[in-house]
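Each residue takes its place number in the sequence, starting with 1. Quick caveat, the model's predicted, so the values are computed rather than measured.
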Amino acid sequence: MDITVEELKERIDKGEKFNFLDVREEYEFDEQNLGAKLIPLGELPDRLDEIEAWKEEEVIVHCRSGARSGKAKAFLTAQGYANVRNVLGGILAYNELD
């Protein structure tokens, strides 16, 4: 099940700790980040060891619009990650909240 930007913002505002992955490029991350771990989508297959501990836990993935994070969700699910959630609309939708 995916996650809305409203739900994500609520969890961030509460200071909740969760496994949060940003699959945008570094230059996008440098412009704005929400506190997620950055692993660009193209590097994800080679950097799975960095998030191996998240395999049985909830993982929330975001990107600019939701497209790359959707691909990351499909890839991680295929790799055996049990609970991957895509941020619907990505950071663009998140920025519309304010």
How long is the straight-line distance from [atom2] of [Y] back to [atom1] of [X], given to the nearest 0.5 Å?
X   : Y   : atom1 : atom2 : result
I60 : I3  : CD1   : CD1   : 3.5 Å
N83 : K55 : CG    : NZ    : 14.5 Å
I91 : E96 : CD1   : CD    : 12.0 Å

Review point. Any side-chain heavy atom of L8 within less than 4.5 Å of one from F18?
Key: yes

**Study point:** Heavy-atom side-chain contact between V87 and V61 under 4.5 Å
**Key:** no

Practice item. Identify the heavy atoms of P40 and R47 that sit nearest to each other, and give their distance. Key: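 Shortest heavy-atom contact: CD-NH1, 3.8 Å.
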
Check your understanding: Does R85 pair with E7 as a salt bridge, N-O distance under 4.0 Å?
Key -> yes

Review point. Are E6 and K9 ion-paired here, with the side-chain N under 4.0 Å from a carboxylate O?
Key: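 Salt bridge between E6 and K9, a charged N being under 4.0 Å from a carboxylate O: no.
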
Anything under 3.5 Å between a donor and an acceptor, one on a side chain of residues 19-26, the other on a protein residue two or more places apart or in another chain? List them.
{"from": "N19", "atom 1": "OD1", "to": "W54", "atom 2": "NE1", "distance (Å)": "3.0"}
{"from": "N19", "atom 1": "ND2", "to": "E57", "atom 2": "OE1", "distance (Å)": "2.7"}
{"from": "N19", "atom 1": "ND2", "to": "E58", "atom 2": "O", "distance (Å)": "3.0"}
{"from": "D22", "atom 1": "OD1", "to": "R24", "atom 2": "N", "distance (Å)": "2.9"}
{"from": "D22", "atom 1": "OD1", "to": "R24", "atom 2": "NE", "distance (Å)": "3.0"}
{"from": "D22", "atom 1": "OD2", "to": "R24", "atom 2": "NE", "distance (Å)": "3.1"}
{"from": "D22", "atom 1": "OD2", "to": "R24", "atom 2": "NH2", "distance (Å)": "2.8"}
{"from": "D22", "atom 1": "OD2", "to": "H62", "atom 2": "NE2", "distance (Å)": "3.3"}
{"from": "R24", "atom 1": "NH1", "to": "E28", "atom 2": "O", "distance (Å)": "3.3"}
{"from": "R24", "atom 1": "NH1", "to": "Q32", "atom 2": "O", "distance (Å)": "3.4"}
{"from": "R24", "atom 1": "NH2", "to": "Q32", "atom 2": "O", "distance (Å)": "2.5"}

Check your understanding: What do you reckon, is CZ of R64 surrounded by more than 12 foreign heavy atoms closer than 6.0 Å?
Key -> no

**Study point:** Other ILVMFWY residues reachable from L38 by side-chain steps of under 4.5 Å
**Key:** F29

Side-chain donor-acceptor pairs under 3.5 Å in residues 69-78, sequence neighbours left out?
{"from": "S69", "atom 1": "OG", "to": "G66", "atom 2": "O", "distance (Å)": "3.3"}
{"from": "S69", "atom 1": "OG", "to": "N86", "atom 2": "OD1", "distance (Å)": "2.4"}
{"from": "K73", "atom 1": "NZ", "to": "D2", "atom 2": "OD1", "distance (Å)": "2.7"}
{"from": "T77", "atom 1": "OG1", "to": "K73", "atom 2": "O", "distance (Å)": "2.8"}

